[in-house]
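Below: one structure, written as structure tokens.
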Amino acid sequence: MQLIRHAKQHLNIWAILSLVFVAVILFPNLLIGFKFFTEPNENWEHIKFYLMRDYINNTATILIFTAILTILIGTSLAWLIIMYEFPLRGFFRWGLILPLAIPPYIGAYTYHGLLNYTGVIQTTLRNTFDIQVNQSYFNIMSTQGAVFIFTLFLYPYVYTITKSFFQYQSASLIENAILLGSSPTSTFFRVALPLSRATIVGSVTLVMLEVLNDYGVVSYFGIQTFSTAIFRTWYGMKDLDSALKLAGTLMFIVIVVLILEKMLRGRKRYSYASTKVRPIHPKRLKGWKGWLLFAYSFAIFSIAFLVPLAQLLYWAFMTYETIWSQAFFQLAKNSIFVASITSTIIISIALIIANFTRMHQSLFTKLVSRVTTLGYSIPGAAIAIAIITIFISIDTFLAKWDTGIVLRTSLVMLISAYVIRFLAIGYNSVEAGFEKIGNTFTEASRLLGASTIRTFFMVDLPLMKNAIAAGFILVFVDILKELPLTLFLQPFNFATLATQAFKYANDERVQEASIASLLIILISATAIFIFHRVLEKKEAN
Amino acid sequence: MHVQIEDLTFQYRNAKTPTIKNFSLSIDKGEIISILGDSGSGKSTILRLIAGLEIPQSGTIKIDGKTILSHTHFTPPEKRGVGMVFQDYALFPHMTVAKNIMFGLRNMKKAEKLARLEEMLELINLKDFKNRYPYELSGGQQQRVALARALAPAPSLLIFDEPFSNLDASLQEKIRGELRVLLKQTGITSIFVTHDQADAKALADRIVYIKNGTIERIVSSTSLTFKVNRAKEKVLTIQ
């Protein structure tokens, strides 16, 4: 009886829809997990004996070195920006986040264009200074090159997250250490670094997940990793089963990374309980010391943002007459269309699930939350292969009934994949929004006789406007930049800015990729500006 | 008996011991009850259980002879006919005073709704404020709007969670007196939760002392104490 009463209380439209969505998200993951243990074919034996070692080596090398370098650059910049006042600090504070607007694959072909034999650097050296350089120093198409690219365009994850930790969470502890006579350097190593360990580990995990997700950089550079292998096994060998097994192995690496994160974070969770957190008052550095910090910040900002941007602008001027055409507008339209539709779907699903988990706090709803955010850790290549497998089955099923519908050739497949991968981003925004408004307005509304649905539309939704807008923008930008899923799941005769730019670059027409790339960067940079500059100012007031 | 609560037991999911243990209470129509206890005594939880915002492990609640909670039955909060004034009022920040008060009025003609709104505004003496937003009101005004909003749908029971904790001391005493008059005027059955002895004494017909989730004792306020309080209030206003 108790059970029936509980069921009556919990089983409503929100619960049912949430369960359906969670099942849909879980299914591709279970498929990969299941296929991992099925009987392998000969291809798999071949891959395992001859290729696997390379995949693992390359993936691990890139992963480890990118992690180390992003930690070094990210935390050092965060510390210096928070602690010291130096020329243009106000700009660098958020300007150093801007490299995040450049997707690594765009960075990769831009830097290749800059550094190769016909690129502007070598040409200048040759023609103006008559210097012939050793080509191997300038060859970026290597694992080192990939590490360089990933570090430049992904360090902002570590920088932003660590910076806000220093600023809001540990300000008084750091100031206290200094008042107790600790020098800034020893404060950094003895106080700030140990305090922020969990934060740094968390942020570098995001970097590593991005690296594992990448297909564009490694494929353009011709490096054998799991992402490239999955697609080659599927496209080249038409071997879905082995591709799924590779995806399973890749997911295993992801799980290892996530377990490492948990272990390195440790049991210690430092979060400062005080509600009144003052930001640190930075120390003014005069003379050459100040300019040294300026030089460091400016150097990173230049190579990670200014230089590639200048190169793209230069190419854009060279090619805009041929590129700026009807076809280009069609691409932009496609990108914006698919990104808007998907963002709307994602935010709607996120609202439903978040509303469900907040209404019924239990172990089960915690699990639902976890599954919802699972997709973001799964590399695009793995999702793509699982989705393809599922849609082949669906289409075979539909063909039996002579419906004439083939989902594989429609946007449905691509959008489903996007939803699985990016639901986490929308969900986090929406969940934060719900947390901010709290439960009392909802409870008040229900006690005034409004059902959960009426409450949702009349009370929750209007109060959540900002969180919803924020979530929408974040998802929209991520989809605009997305490459692996779009590349492999887009319908025939359909391309987006991202895939077309990548195609141009691969066809040795990198100049023609510039305008599409610039448009992606412009939109992403605007979003970054809104979130970090405008919102930070609002918070400060 | 208007409200009958029997044997209510409730334990939060992660708690080791029950927050509420075998709580029983009967309330007459029109009676004002104060539940008095220290923080952590479980007094607010009782309100949440009556309102249907939490589900108890056992117990029954009847209002007006209708069972709203039993072993086999759970009426959701929106169908209980219980009005609540929240500690922080929970006025919808995106709606005007008028919209807030009319939120709970459904299945009514537009004209009836407007008439009810006017009636409520008159009651709380805020006629000129109906187009203001909650943040444009003082704490005392906000509380009156919250009261009007809860009263508007004519609930069979009105509950208050620490209604005075957000008001400054001088305002508290004034509003307390007003509130008792207002509640007696409408004849509504109400339950207050408070940690303040003076609040309880000034408002309630009966005071329920609660400790560790069980009732310690129930005391009927004599009419004398009220007279004393009334006199005090008069003195205060004259000064």
Side-chain angles (χ1 to χ4, degrees), chain A residues 1-16 275 355-369 433-469 541, chain B residues 12-14 44 47-48 50-60 69-95 99-108 134 145-146 148-155 157-161:
Chain A
M1 279 307 183
Q2 187 95 8
L3 199 74
I4 296 172
R5 200 186 63 180
H6 265 265
K8 213 174 151 190
Q9 167 67 4
H10 292 298
L11 210 67
N12 50 29
I13 184 82
W14 304 96
I16 294 165
T275 45
N355 200 30
F356 166 64
T357 57
R358 124 189 130 117
M359 279 195 284
H360 315 286
Q361 308 254 333
S362 67
L363 216 65
F364 176 70
T365 51
K366 261 192 194 153
L367 200 73
V368 169
S369 280
F434 272 128
E435 223 159 80
K436 210 170 155 193
I437 64 169
N439 282 344
T440 26
F441 293 122
T442 312
E443 289 174 353
S445 164
R446 293 194 65 193
L447 283 169
L448 288 164
S451 65
T452 49
I453 293 172
R454 183 172 140 90
T455 300
F456 178 72
F457 285 107
M458 299 284 293
V459 178
D460 299 334
L461 217 51
L463 292 176
M464 295 267 293
K465 265 190 324 218
N466 289 342
I468 290 172
N541 287 337
Chain B
Y12 280 103
R13 198 162 50 84
N14 296 322
S44 290
L47 286 196
R48 294 179 63 79
I50 296 171
L53 299 172
E54 306 285 353
I55 310 166
Q57 273 73 29
S58 69
T60 55
L69 176 88
S70 73
H71 205 51
T72 52
H73 182 78
F74 178 87
T75 308
E78 62 263 34
K79 296 199 177 117
R80 288 195 173 191
V82 174
M84 180 160 174
V85 176
F86 286 77
Q87 187 170 5
D88 52 4
Y89 316 137
L91 294 175
F92 303 129
H94 60 297
M95 295 181 193
K99 287 262 168 61
N100 262 290
I101 294 176
M102 288 197 294
F103 186 87
L105 302 177
R106 313 200 46 207
N107 308 323
M108 261 189 192
V145 175
R149 185 178 70 173
L151 277 173
L157 173 67
L158 190 58
I159 57 186
F160 295 77
D161 190 4

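Heavy-atom basis, side chains included; hydrogens, waters and symmetry copies ignored. In what follows, chains carry the letters A, B, and so on, assigned in the order in which the sequence lines appear, proteins first and then strands, with residues in each chain numbered from 1.
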### Message
In the structure I gave you, are the side-chain heavy atoms of R446(A) and P76(B) within less than 4.5 Å of one another anywhere?
### Response
yes
#### Entry: Shortest non-hydrogen separation from F92(B) to F441(A) and the atoms involved
CE2-O, 3.3 Å
### Task
Measure L447(A) against the heavy atoms of chain B and call it side chain, backbone, both or neither at under 4.5 Å.
both
### R80(B) versus chain A, the contacting section by heavy-atom distance below 4.5 Å
neither
### Message
What part of A152(B) gets within 4.5 angstrom of chain A, counting heavy atoms only: side chain, backbone, both, or neither?
### Response
neither
### Task
Mind ranking P93(B), P155(B), P153(B) by heavy-atom pairs under 4.5 Å with chain A and telling me who comes out on top?
P93(B)
### Task
Sort L105(B) into side chain, backbone, both or neither according to what part of it lies under 4.5 angstrom from a heavy atom of chain A.
neither
### Task
Measure distances from R48(B) to the heavy atoms of chain A and classify the residue's part below 4.5 Å as side chain, backbone, both or neither.
side chain
### Message
Heavy-atom pairs under 4.5 Å with chain A: which of Q87(B), M95(B), K79(B), R149(B) has the most?
### Response
R149(B)
### Message
Is F86(B) in contact with chain A via its backbone, its side chain, both, or neither, using a 4.5 Å heavy-atom distance?
### Response
side chain
### Task
Spell out the residues in residues 454-462 of chain A that have some non-hydrogen atom less than 4.5 Å away from a non-hydrogen atom of chain B, in order of number; otherwise answer 'none'.
R454(A), M458(A), V459(A), P462(A)
